[in-house]
Amino acid sequence: MSFVVTIDGPSAAGKSTTARAAAARLGFLYVDTGALYRALALKVMDTGVSPDDPAAVERCIAETRLDLSGSPEHAHVWLDGTDVSEAIRTPAVSEMASRLAAQGGVRRGLVEIQRALRERGPLVGEGRDLGTVVFPDAEVKIYLDADLDTRAHRRYRELQQRGIPMPLDEVRGELERRDGRDRERADSPLRPPEDARIVDTTGMDIVAQVEAVLAVVRANPACPPDALRRAGGPRAGPGPGTKG
Ligand code: DC
């Protein structure tokens with residue numbers, strides 16, 4: 001079984017940037033599991049399937065091909081053979097993905113796809129339930145968190161850069177609502193895995209976040225030696241800014 005690093009946490013805690021950079025440094029695959037939920041959401045929206053009809057959504061999953069490809073810097077998500085990497089990054093898709101992610105049938109279908117990705121090699125995966133449900137035996141589990149204001153500002157800037165400006169209050173409200181849904185759903189709710197290292201990224205920059213994650217990976221005796229060489233630095237305990 002390949003070496004797995006899971007990075008879970010709420011929206012805009014810095015998971016994507018950190019997971020991509022850590023995967024690139026280690027030479028591992030980068031697995032963006034949220035992209036799978038988003039691609040399914042796009043399909044549901046485009047085909048007019050009712051998100052409130054779990055049986056129809058499950059039929060839709062059975063007829064859908066989802067895949068991830070590319071390098072950490074150029075990751076792609078495929079929906080029925082079409083590259084939807086850009087199309088899934090809209091507020092409407094975020095909202096639909098969050099609604100679908102609360103359904104047990106959706107989670108079961110997508111968990112299978114995620115587990116199969118481990119056969120492709122060592123990976124850094126990011127999501128909400130990777131350490132708790134998808135890869136409970138992962139070698140390294142990280143839970144990234146940050147306070148709501150910090151996360152809202154990050155998402156606000158990200159949307160602005162994508163040319164989708166939205167008032168900060170609205171961004172904050174949407175984050176709160178979707179995180180609440182992720183935390184409260186009955187199936188695979190968002191919560192820190194018991195054996196995770198918790199990294200609070202409030203006030204941390206991206207370099208510090210990546211170093212904090214790599215320090216935890218390096219400290220794991222099962223980390224492949226070639227990855228250790230690529231990531232640089234000695235095997236060490238977690239760096240500054242980590243707790244838990
Ligand atoms: O990380 P993201 O914003 O791209 O995720 C989109 C939605 O999918 C979000 O509402 C949470 C959900 N999700 C999930 O429930 N489990 C995962 N492993 C990944 C994402």
Side-chain angles (χ1 to χ4, degrees), residues 4-20 23 29-45 51 54 57 61 64 66 68 72 75-77 79 84-118 123-136 138 141-146 148 151-152 154-159 162 164 166 171-193 196 201:
V4 167
V5 179
T6 62
I7 303 185
D8 291 304
S11 303
K15 297 189 302 293
S16 293
T17 328
T18 310
R20 276 174 203 272
L29 289 173
Y30 162 65
V31 172
D32 174 4
T33 62
L36 297 172
Y37 288 87
R38 286 172 178 272
L40 178 65
L42 189 64
K43 170 107 175 210
V44 163
M45 288 160 73
V57 173
I61 296 174
T64 300
L66 295 171
L68 301 177
H76 295 272
V77 55
L79 169 64
V84 293
S85 313
E86 281 299 313
I88 58 170
R89 304 288 165 195
T90 67
V93 172
S94 300
E95 177 61 20
M96 181 62 84
S98 164
R99 287 175 65 186
L100 295 176
Q103 296 183 19
V106 169
R107 304 206 70 83
R108 278 190 297 279
L110 296 194
V111 163
E112 252 175 62
I113 298 173
Q114 295 166 62
R115 288 195 179 135
L117 292 169
R118 193 175 194 172
L123 63 89
V124 178
E126 58 137 320
R128 304 295 189 289
D129 62 341
L130 299 196
T132 51
V133 175
V134 182
F135 301 117
K141 298 182 186 179
I142 310 275
Y143 188 86
L144 280 195
D145 210 345
L148 179 62
R151 294 190 293 111
R154 285 178 185 160
R155 183 50 52 86
Y156 170 78
R157 280 196 298 272
E158 187 190 312
L159 287 170
R162 286 184 188 282
I164 315 174
M166 202 193 259
V171 174
R172 187 189 286 109
E174 290 207 351
L175 272 188
E176 239 183 330
R177 199 179 59 248
R178 285 193 281 112
D179 284 344
R181 203 184 270 147
D182 287 340
R183 288 194 171 98
E184 282 149 30
R185 66 180 172 230
D187 193 325
S188 318
L190 169 67
R191 60 176 171 78
T201 67

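Computed from a prediction, not measured in an experiment: that's the story for all the values here. When a ligand or atom number is given, it counts from 1 through the structure's own listing order.
Residue Ser98 approaches ligand 1 through these ligand atoms, each under 4.0 Å from one of its heavy atoms: 10 (O). Short contacts between ligand 1 and Ala101, defined as distances under 4.0 Å to a heavy atom of the residue, involve ligand atoms 12 (C), 15 (O). Numbered from 1 in the order shown, with element, the atoms of ligand 1 that lie under 4.0 Å from a heavy atom of Arg38 read 2 (P), 3 (O), 4 (O), 6 (C). Near Asp182, meaning under 4.0 Å from any of its heavy atoms, are these atoms of ligand 1: 9 (C), 10 (O), 11 (C).
Exactly one residue among Val134, Val133, Asp129 makes a side chain to side chain contact (heavy atoms under 4.5 Å, CB included) with Arg107. That residue is Asp129. Evaluated for a side-chain hydrogen bond (donor to acceptor under 3.5 Å, both in side chains) with Ser11, the options Arg128, Glu176, Arg155 yield exactly one hit, Arg128.
The shortest distance between side-chain heavy atoms of Ile7 and Leu130 does not fall below 4.5 Å.
Residue contacts with ligand 1: Arg185 is included, with a non-hydrogen atom under 4.0 Å away.
In this structure, atom 8 (O) of ligand 1 lies nearest to the protein heavy atom Tyr37 CB, 3.5 Å. Summary of contacts: the protein heavy atom closest to atom 15 (O) of ligand 1 is Arg107 NH1, 2.8 Å. Closest to atom 19 (C) of ligand 1 among all protein heavy atoms lies Thr33 OG1, 3.4 Å.
Residues satisfying the side chain to side chain contact (heavy atoms under 4.5 Å, CB included) criterion with Thr18, sequence neighbours excluded, are Leu144, Ile206, Gln209, Val210, Val213.
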